[in-house]
Amino acid sequence: MSQPRPHLLIIDALNLIRRLHAVQAQQGLTPAQALLATRANLINTCKKLLASSEPTHVIAVFDGESDLQSWRKGIYPAYKEGRTSMPAELKEGLAELQDAFWECGVDALLSETDEADDLVATLASGVAQHGARATIISTDKGFCQLICPQIRVRDYFNKRWLDAAFVQQQYGVTPEQLVDFWALTGIAGSNIKGVPGIGPKTATQLLQTHGDLASLLIACEQEAAGKALLKLRQHRDEALLAQRLVRLKRDIPLGFNLKDIRYPPQIDAES
C-alpha cells in the first residue's frame with residue numbers, strides 16, 4: 001500500500017487560542033471558568049481541524065513569552081509597540097492549553113528567540129520544497145506571502161481560504177508582491193511604518209505598473225518620476241526596512257524532522 005503524499009497541518013496556536021478565549025471572556029465567566037471553557041473549545045476545534053484536513057503530520061506553533069529577543073526588535077525597537085498584551089489569566093494558563101494539543105495528538109513548537117510566524121514559514125516552505133503540502137490555520141494575513149500550489153492558509157473563524165483570489169481582491173496584487181506592498185504601506189498592527197503618503201491604492205497601482213520594490217527603487221531615481229515615486233525616493237530606507245521586517249524567514253534551524261510530528265503519533269499507530 002503506497003504512502004499518502006505528506007500533508008503538514010500547521011496551527012498558529014496563539015492566534016487560535018486568543019480568539020477562542022476572547023469569545024469565552026465575553027460570556028460573563030470568571031477568569032478560571034473562561035480558561036476551562038477555552039480549553040474545552042480548543043480540544044473540540046483541534047479535533048475538527050484534524051478531521052477536515054486529514055494531515056499526515058501536524059504541529060501547533062507558539063510564540064515565546066516575550067519578543068524582546070526577536071531579530072525584528074533588534075533592528076527596529078518599535079516593532080509591535082502598542083499591541084494589546086495577552087490577558088494575565090490566559091498567559092498563566094498557556095501550559096494547560098498546550099497540554100490540550102497533546103491530548104489531541106498534536107505536538108507543540110515554541111521558541112524564546114524566534115517568532116511563531118517565522119517558524120511557521122520555515123515549516124511550510126520546507127515541506128513545499130520537497131513537493132509536499134502544508135495548510136496553515138491562522139487569521140494572520142501575513143502568511144499570504146507564502147501562498148503557492150503547495151501552501152494554503154485557512155481562516156478557521158471566517159470559514160474561508162486566504163488564497164491568491166483573496167489576496168487579489170483584498171490588495172490588488174499577487175501573493176509574491178505582498179511583501180513589497182506592505183513595504184510601501186506599512187502594517188499598523190505591527191507598528192511598521194512603510195512610506196509616508198503611500199496608501200494601499202497607490203501601492204497597488206505602483207506594483208501593478210512596476211512589478212516589485214526593486215524596480216520601483218530604480219524608477220524613483222528617474223527625472224520623470226511621479227509624486228508617489230518621489231515619496232519613495234525620499235523614504236527609500238524606510239521601505240527597505242519595512243520590507244525586511246515584513247518578509248518571513250524560511251530558514252530557521254528547527255531541531256527536529258517531519259517524522260517526529262506524524263499524525264496520528266507513531267506510538268498510537270503502532271499500538
Side-chain angles (χ1 to χ4, degrees), residues 5 7-20 22-23 45-46 48-55 58-61 63 80 83 115-129 131-192 194-195 198-213 215-216 239 242-243 245-250:
R5 186 165 68 124
H7 175 206
L8 173 60
L9 179 66
I10 307 171
I11 301 173
D12 184 0
L14 289 186
N15 179 275
L16 180 62
I17 287 169
R18 291 191 69 161
R19 280 155 181 76
L20 290 174
V23 173
T45 299
C46 196
K48 286 181 179 179
L49 290 170
L50 291 167
S52 61
S53 301
E54 298 183 335
V58 61
I59 193 162
V61 182
D63 268 314
K80 289 188 177 180
R83 270 200 177 186
E115 290 187 71
D117 293 359
D118 292 324
L119 295 170
V120 169
T122 295
L123 283 160
S125 299
V127 299
Q129 286 172 3
R133 294 181 297 137
T135 299
I136 300 167
I137 304 298
S138 182
T139 63
D140 187 343
K141 298 178 181 64
F143 291 125
C144 290
Q145 64 185 268
L146 303 173
I147 292 170
C148 65
Q150 293 81 26
I151 300 175
R152 304 191 300 171
V153 182
R154 179 70 175 173
D155 178 345
Y156 171 80
F157 294 96
N158 289 303
K159 296 180 172 57
R160 63 184 179 183
W161 292 99
L162 305 184
D163 53 15
F166 169 84
V167 172
Q168 181 64 41
Q169 181 182 32
Q170 190 88 356
Y171 305 104
V173 298
T174 67
E176 293 80 9
Q177 293 174 307
L178 268 178
V179 168
D180 291 348
F181 176 88
W182 287 317
L184 295 171
T185 66
I187 299 180
S190 296
N191 200 32
I192 297 173
V195 178
I198 293 185
K201 184 176 180 180
T202 301
T204 297
Q205 292 171 344
L206 289 171
L207 288 169
Q208 286 177 345
T209 302
H210 297 276
D212 57 27
L213 181 60
S215 299
L216 284 167
Q243 183 191 53
L245 293 168
V246 167
R247 181 177 285 126
L248 297 176
K249 284 201 169 189
R250 308 186 187 194

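Remember, it's a predicted structure, so these values are computed and weren't measured experimentally.
If you take OG1 on T204 and OH on Y171, they are separated by 10.0 Å, rounding to the nearest 0.5 Å. Interatomic distance, Q150 CD to H7 NE2, rounded to the nearest 0.5 Å: 12.0 Å. Here the OH atom belonging to Y156 is positioned 15.0 Å from the CG atom belonging to D12, to the nearest 0.5 angstrom. A distance of 11.0 Å separates CZ of R152 from CD1 of I136, quoted to the nearest 0.5 Å. Between atom CG of residue L119 and atom NZ of residue K249 there is a gap of 11.0 Å, rounded to the nearest 0.5 Å. With values rounded to the nearest 0.5 angstrom, L216 atom CG is found 8.0 Å from I198 atom CD1.
Residues P149 and R133 are not in side-chain contact: their nearest non-hydrogen atoms beyond the backbone lie 4.5 Å or more apart. The side-chain heavy atoms of I137 and F143, taken from C-beta on, include no pair separated by under 4.5 Å.
Closest of all the heavy-atom pairs between Q168 and V173 is OE1-O, 3.3 Å.
Judged purely by atom type and a 3.5 angstrom limit, Q145 uses its side chain to pair as donor or acceptor with the backbone of G142. Listed for the R250 side chain is no donor-acceptor partner under 3.5 Å among the backbone atoms of G126.
For the side chain to side chain donor-acceptor pair (under 3.5 Å) with N15, the qualifying choice from D117, T139, D140 is T139, the only one to do so. Partner of L9 under the side chain to side chain contact (heavy atoms under 4.5 Å, CB included) criterion, out of C46, S52, S53: S53 alone.
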As a quick check of understanding, evaluate side-chain contact (heavy atoms from CB on, under 4.5 Å) for L207 and L184, giving each step before the final call. CA-CA 10 Å; L207 288 169; L184 295 171; 4.3 Å; yes
Might you work through the side-chain hydrogen bond (donor to acceptor under 3.5 Å, both in side chains) test for D212 and Q177, ending with a clear yes or no? CA-CA 7 Å; D212 57 27; Q177 293 174 307; over 6 Å; no
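Counting heavy-atom neighbours within 6.0 Å of E54 CD, excluding the residue itself, gives a total of 12 or less.
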